[in-house]
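As structure tokens, the structure follows; a few thoughts come after it.
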Amino acid sequence: MRLVWLSGSLVLALLLAVITLQTPRPVGADAPATAFSTARAMVDVREIAQRPHPLGSADHIRVRDYLFGRMTSLGLLPARFEGPLSPASIRRSERLGQNPAGVGYTAVNLVGILPGRDPSAPAVLLMAHYDTVPGSPGAADDSAGVASVLEAVRAIRARGLADRTLVVLFTDAEELSLDGARIFFGGHPLRDRIGAVVNLEARGGGGRAMMFETAPGNAQTIRLFARASSRATGGPASSSLGVFVYERMPNGTDFTITRARGIPGVNFAFIGRPEQYHSAAAIPTALDQGSVQHIGSQALESADALLRAPALPVADGNLVYSDILGWFVLMHAPATGWLLLALTAALGGLAAWRIGRRSVLSPADIGRGALDGLWFLATAVVLAQAVRVIAGPMTARATSADVYYTLLARLPWMEAATALTVLAVGLVLLAGRDRIDRRGVAAVIALATVGALVLGGFSIVVLVMALLAIGLTLVPGLASRTVWGGWLGLIALTLGLGLIVQTIAPEAALVFVWPGLLAAAAAAITAFSGPGLDRPAGLAPSAVAGVLGGAWLIGLGHFVFLGVGMDLPGAMALIGLLVLMLVRPLAPAPGLTRAVLVAAAAGLLIAGGVAAAGRWAEPTASVVTRAAAD
């Protein structure tokens with residue numbers, strides 16, 4: 001019975017995650033004038049993305065002239081604002097084969113103004129870049145952003161005169177070194193009037209549009225975003241964890257310039273279908289129109305809310321936040337995380353006390369349950385890294401830009417392979433790691449470690465995790481002996497990790513705090529409900545937590561993997577640990593151990609096959625531009 005509950009919970013969690021990760025249905029040209037319409041925006045996308053239009057090309061001039069005319073038709077009173085390219089941009093353009101000398105080493109921004117009632121009030125900037133890399137039509141990056149800005153402006157005008165002035169900025173040379181944004185904020189007369197920014201970007205050709213970056217002190221900005229995104233087609237998509245991860249990556253967008261100036265704002269992008277990033281395949285017909293609807297409607301509602309707000313957001317502390325399955329944004333102050341962790345400890349302790357009075361449950365068994373979690377985490381990190389390198393070298397070892405973009409195209413294969421690997425390790429744990437051939441499993445981990453270090457390069461993290469996994473495998477008597485010990489041990493481990501992350505980076509602690517609280521609540525309900533874990537009523541709290549919490553974690557993990565999966569596939573192991581904590585009571589009965597272990601072995605083999613298939617499906621960077629990867 002438990003196996004049925006386990007399978008059902010995991011399948012439902014996956015299905016719910018897949019459903020909530022879908023892009024919204026595109027809205028047709030017959031939509032109300034005040035709404036965002038993908039059909040209307042796609043008219044501009046098709047025109048702009050006919051061909052690649054990097055700086056210095058004839059098509060770059062064509063697109064600029066087209067946009068000038070479109071801005072004029074929308075009443076934006078457009079003007080050109082030029083400035084010199086930076087030395088870094090000139091060097092980069094030479095590597096890309098562009099011809100900046102043909103335009104006098106000059107970038108040309110297009111600036112438009114939609115006046116508001118109060119010309120003295122701080123203005124709102126709506127921004128996207130109109131240049132592309134050589135070889136890519138850039139239907140997504142950033143023609144979709146430019147077209148969405150135009151459609152948003154049309155809808156804002158249809159809603160009536162706003163209180164504030166809207167400044168529309170189409171930057172140039174973003175693909176070089178963000179020069180267009182630097183030029184605007186380096187000397188344009190309107191630069192000091194900008195009070196808030198909405199920027200649109202893309203890294204790929206589909207997927208839900210994440211709000212992935214804000215300026216420091218984002219509390220007021222996030223509250224406004226939460227209200228605005230609830231009105232957008234498809235709902236919100238954002239989390240402080242995603243922002244935390246992005247801030248530690250070397251990437252940059254035009255928003256990087258405004259963020260450095262301390263201007264509040266939101267930065268949107270979709271990053272699915274990564275094979276289209278900087279690729280010749282990034283044509284309008286390949287673009288996910290649902291992504292255009294999602295990013296465009298969020299930009300419209302965010303900009304409109306800022307334009308009509310009594311006061312613009314100011315830096316006022318940060319919030320911990322995340323969308324919940326695309327329905328709404330849950331948020332709290334960072335200090336609240338401590339209270340939630342205390343509540344988790346109280347609920348877990350209450351469950352342990354109750355079960356200890358009803359059956360045999362020792363602190364030592366809870367400790368063994370925590371060691372189960374450490375074994376899972378260490379083993380999953382090592383095996384995930386080993387399977388990942390089958391798909392190709394790590395980015396740090398990429399010998400050319402072509403390798404980088406090829407790996408990016410293989411990213412969906414890597415994600416599927418990594419997820420199967422983590423699932424296989426989880427099945428081993430649920431089947432009972434004390435029932436397996438310890439030396440055989442240690443040998444598998446050792447071989448995986450050698451493969452990961454040889455093919456992927458030396459990693460101290462992989463080495464330490466391998467030693468930990470092998471040690472916990474070989475030493476007998478370290479596996480939990482009861483389901484309750486295993487469950488409460490995983491909750492205790494998650495609580496400990498949550499305390500560490502809450503201390504170091506509270507904006508990222510939500511990934512431990514919220515699932516840990518959900519699992520502890522389920523444990524307390526189960527402990528006091530009466531039926532044991534062998535009856536449906538006793539299994540229901542864990543199953544419900546597994547479906548809802550698992551779906552949220554899978555969705556969160558998907559976006560994190562798209563961001564760091566090429567170099568940190570082991571990050572998926574943390575997501576697996578948390579899902580495992582939620583469904584730990586649903587572990588199959590001992591009589592099914594053999595069948596579950598066979599399924600785990602098959603999953604691991606399939607994972608390796610999927611990673612290898614990525615090489616066959618995306619063998620070279622033949623469809624991507626030879627842009628520099630830095």
Is there a donor-acceptor pair under 3.5 Å between the side chain of [X] and the backbone N or O of [Y]?
X      : Y      : result
Gln298 : Ala209 : yes
Ser240 : Glu507 : yes
Glu175 : Val133 : no
Asn318 : Gly217 : yes
Arg117 : Leu161 : yes
Arg157 : Leu74  : yes
Arg388 : Met566 : yes
Asp59  : His53  : no

Salt bridge check: are [X] and [Y] linked by an N-O gap of less than 4.0 Å?
X      : Y      : value
Glu201 : Arg203 : no
Arg159 : Glu301 : yes
Asp131 : Arg64  : no
Glu151 : Arg40  : yes

Next on the checklist: Tell me whether the rings of Tyr405 and Tyr277 are parallel (<30°), tilted (30 to 60°) or perpendicular (>60°).
Outcome noted: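 Tyr405 and Tyr277: tilted rings.
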Checklist entry - Would you call the rings of Phe81 and His188 parallel, tilted or perpendicular, where under 30° means parallel and over 60° means perpendicular? => result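 Ring orientation, 0 to 90° scale: perpendicular.
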Working to the nearest 0.5 angstrom, can you tell me the gap between [X] [atom1] and [Y] [atom2]?
X      : Y      : atom1 : atom2 : value
Arg95  : Ile90  : CZ    : CD1   : 12.5 Å
Leu126 : Ile156 : CG    : CD1   : 6.5 Å
Phe185 : Asp192 : CZ    : CG    : 9.5 Å

Item to check | Residues that Ala202 engages under side-chain contact (heavy atoms from CB on, under 4.5 Å), provided they are two or more places apart | outcome: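 In terms of side-chain contact (heavy atoms from CB on, under 4.5 Å), with neighbours along the sequence ignored, Ala202 is linked to Ala140, Asp141, Phe270.
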Does a side chain donor of either [X] or [Y] reach within less than 3.5 Å of an acceptor in the other side chain?
X      : Y      : value
Arg259 : Thr256 : no
Gln293 : Thr38  : yes
Asn199 : Thr258 : no

Checklist entry - Does a side-chain heavy-atom distance below 4.5 Å link Ser322 with Trp552? => result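 Yes, at least one pair of side-chain atoms sits under 4.5 Å.
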Next on the checklist: A side-chain contact here means heavy atoms from C-beta on lying under 4.5 Å apart; do Thr165 and Arg193 qualify?
Outcome noted: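 A side-chain contact exists here, since the closest heavy-atom pair is under 4.5 Å.
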List the atom pairs, donor and acceptor, that lie under 3.5 Å between side-chain atoms in residues 24-35 and the rest of the protein, sequence neighbours left out.
none

Checklist entry - Can you list the residues that meet the ring-ring contact (aromatic ring centres under 6.0 Å, His included) rule with Tyr321, with sequence neighbours excluded? => result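 For Tyr321 there are no ring-ring contact (aromatic ring centres under 6.0 Å, His included) partners, ignoring immediate neighbours.
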Next on the checklist: Taking the cut-offs as 6.0 angstrom to the six-membered ring centre and 45 degrees off its axis, would you call Arg62 and Tyr66 a cation-pi pair?
Outcome noted: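 So Arg62 doesn't make the cation-pi contact.
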